[in-house]
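In what follows, every chain begins at residue 1, and chains take the letters A, B, ... in the order their sequences are listed.
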Amino acid sequence: MDKIRAHPVTVFYLFLRYIFAYLIPALGIIVSRDSIKQIAWWNISLFASTLIVTIIKWRSIKVTLHRNCICVASGIFIRSEKIIPFPKITSIDLDTPPLLKLTGSISLRIETNARRGKKASLSLRLYKEDAYKITNAILGGKKSEPISQFQTEHNRLTLMLISSTNAAAGFLFAYSVFSTGGTILGRQFQQNILTTLEGAALYASKILPPALSVIGVLLLFGWIVSFIKSFSRYYKFTVLRKKDHLVVISGLITLRESILFVNSINSVEFRQTLLLRLLNQYSVYLQCAGYGKQKGERAILIPAANYDKCINALKELLPEFEVAPVQISPPKRAKFRYISKPFSLITYTLSLTFALFSRYPRLFPALILFSLSLLAVFLWQFIISLISFQTSGAGKGKSSLTISYHTSFCLRRLHIPIDKVHQTALISRGSGNICDFEVFVNSDKKTCHKIRGLDKRDAKKLIRSLVKARE
Amino acid sequence: MSKFRVPQKAIFLWQARIMAISAIFALLSGAIWVVFGLAAALFPVAASALLLLFAAALPKRLSYFRCQVTKDEIHVTSALLKIKERTIPLGSIQFLEITQTPLERLLDLSTITIYLAGARTRLYTLSHQEAEQLLRLLKGE
């Protein structure tokens, strides 16, 4: 039984939680119009009391490493103790952001299948050697050499990030950085950035309509920020296969190491966006509780590669996962089920534009801009649905179930071990022979996967064979 | 097979908690009566009365609580509002949490929460000694 203490840097992170408390003296200025001197005293006393509370809280964190479980006790007023048995741990994350690197500490996150937000996982900042001691204890105390390795080339990573980077997410991130940076570094910093943005928008407005140029610049800027953030996160992305687990290493500024237990992986997913489809490339994702759970994280295994390379890499990294082919596909008469949604959205947009144009002819430029941007999105969905009709389906191998379907902008093919499928359902509308096939899998993200428009008899046959395989 | 029940001290604690909330509602109803009149105060008065009734019925309801740990399973019977019987295979427990509020510490009580894959079961307040014993059984020691 080893007793481990949290690293003193924990005080800083605990202190950050109470930062909002400094709003109280600021509100005091507005409400009571106290003098700045008085506010400063308020702030000093608040700072001192918060610091004392966080130090006591840090001292109260006690980690005990038992033979087959880890216990973490914490809390001042409400004492709590978490007991996590080692066999239930699905993934371990070891992150080293610059601040922790400077202080010789590491952030350790332990995840289980109990998916209840932040409470379901254990997050600690520990001395490096203590974190590795815990990791080794969870891994069974034996150091194992890598059996196989997969390293991503930069151009493949760039391709994956180009096809899946979200401009809006980047813009929101940049906005929060500027607003926080503005408050820390002063108004000058905030003004400089905003003036640069405004200048770019003005320049573009000479060529494009003003609204479009502003939206365009903001989206482009957001996209670039998001891309850089993701690129630094997945820089030198390497996957190592060891005895019974995978080790994923990546990161430029923050070094990340994730350990995933192979028997905790719920499914392997081949994903294609429209751009990747055009280039005949695939991204391979994993569904394992905890992996890719953090904000802005993706559960990648292979960022981008052609199908054969993906299969070869998968055979080396996860030979336990069987890649069964699709055996049943939607019949021709189910085509309308695939295209009906985007088709009706395109029709609604066109008719709404015509109706508004005939009523308000002066709004023509704004209407064109609005309808074109909507049409572009719906047309994209329409193309994805058409491709999906040809690729969707399901199939069963010796030990795995394969399902292929699409979500709004993405084509997905999942390979799920049969014992990880915890429920299947057939949903039919009307008396036709067509039905939707739903598969429920253990996951902390998407748990229900739906294939549209399968033949009912084929789907029933598949379910029966699944039941037999389980028996 | 080990059996656990809610101790008398824990029942008093729960009653005290509910009665405190009931008192808050009673005070609130008084204030509402003064400001808005009797009709507006009826809802908090009713809520306060209902909570008092619930506090009175609590010893009987909590007496239904049983927790049995067998070799492979844990059976929990609770009846706070409706009778609920749960059987949890020990293998499906992901992790355990034991908590103690200051009042619970004073009365030597604690609460155990069992985290399952996608669900959570909170066992009612037990004596700290029993909670530790239960914890040892769940840990398989």
For Arg17(B), is the CZ atom crowded, meaning more than 12 foreign heavy atoms sit under 6.0 Å from it? yes

Heavy-atom count check: over 12 atoms from other residues, nucleotides or ligands less than 6.0 Å from Phe440(A) CZ? yes

Atom CD1 of Ile78(A): over 12 foreign heavy atoms under 6.0 Å: no

Output for pair (Ile83(A) CD1, Glu97(B) CD), nearest 0.5 Å, gives 8.5 Å

Region of Leu103(B) that comes under 4.5 Å of a non-hydrogen atom in chain A: neither

How long is the gap from CD1 on Ile89(A) to CD on Gln94(B), to the nearest 0.5 Å? 10.5 Å

Interatomic spacing from CZ in Arg79(A) to CD1 in Ile98(B) - rounded to 0.5 Å: 11.0 Å

Give a yes or no on this: more than 12 heavy atoms of other residues, nucleotides or ligands lie within 6.0 Å of atom NZ of Lys420(A). yes

Thr99(B), Thr111(B), Thr101(B) screened by side chain to side chain contact (heavy atoms under 4.5 Å, CB included) with Ser80(A), the one that passes: Thr99(B)

Test side-chain contact (heavy atoms from CB on, under 4.5 Å) on Lys88(A) and Phe95(B); report intermediate values, then the result. CA-CA 8 Å; Lys88(A) 297 295 170 191; Phe95(B) 71 89; over 6 Å; no

Within 6.0 Å of NZ in Lys242(A), more than 12 heavy atoms from elsewhere: yes

